[in-house]
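A short write-up of the structure that comes next.
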Amino acid sequence: MDGALSMSMSMAQFQTNYAYALMKMSMEDAESQAAAMIEMMSDVSAPAQYGFDTWA
């Protein structure tokens with residue numbers, strides 16, 4: 001009985017660790033996508049403040 005309980009607990013711990021690993025990978029992917037978007041947006045010039053093109 002004790003062995004089955006121990007195995008059940010270790011399986012639950014494995015599932016928890018696996019879920020956290022997947023969540024961490026997902027968050028790191030979202031972080032890299034956000035950093036890429038920020039980098040991309042910084043390359044675009046800001047719109048004209050007064051509604052007309054000052055670069056013309």
Side-chain angles (χ1 to χ4, degrees):
M1 179 78 177
D2 193 29
L5 181 61
S6 176
M7 183 141 174
S8 175
M9 292 294 284
S10 66
M11 191 64 182
Q13 184 66 40
F14 174 79
Q15 289 175 340
T16 301
N17 290 342
Y18 185 74
Y20 279 130
L22 288 179
M23 183 174 59
K24 184 177 178 183
M25 286 173 35
S26 174
M27 291 175 72
E28 287 173 352
D29 187 43
E31 179 185 11
S32 67
Q33 288 178 3
M37 173 146 326
I38 290 170
E39 180 68 30
M40 183 176 63
M41 295 302 285
S42 68
D43 293 339
V44 177
S45 61
Q49 183 178 3
Y50 300 108
F52 55 87
D53 189 7
T54 56
W55 294 98

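Without hydrogens or angle criteria, T16 side chain to A12 main chain gives a donor-acceptor distance under 3.5 Å.
Counting non-hydrogen atoms of neighbouring residues, nucleotides and ligands closer than 6.0 angstrom, the CD atom of E28 exceeds 12 such neighbours. Around the CE atom of M23, the shell of radius 6.0 Å holds more than 12 heavy atoms that belong to other residues, nucleotides or ligands.
M27 and Y20 fall within the same hydrophobic cluster, where Ile, Leu, Val, Met, Phe, Trp and Tyr residues are linked whenever their side-chain heavy atoms come under 4.5 Å apart, directly or through other members.
For Q13, the side chain to side chain donor-acceptor pair (under 3.5 Å) test picks out N17, with sequence neighbours left out.
In this structure, CG on L22 lies 12.5 Å from NZ on K24, to the nearest 0.5 angstrom. Between atom CD of residue Q15 and atom OG of residue S10 there is a gap of 10.0 Å, rounded to the nearest 0.5 Å.
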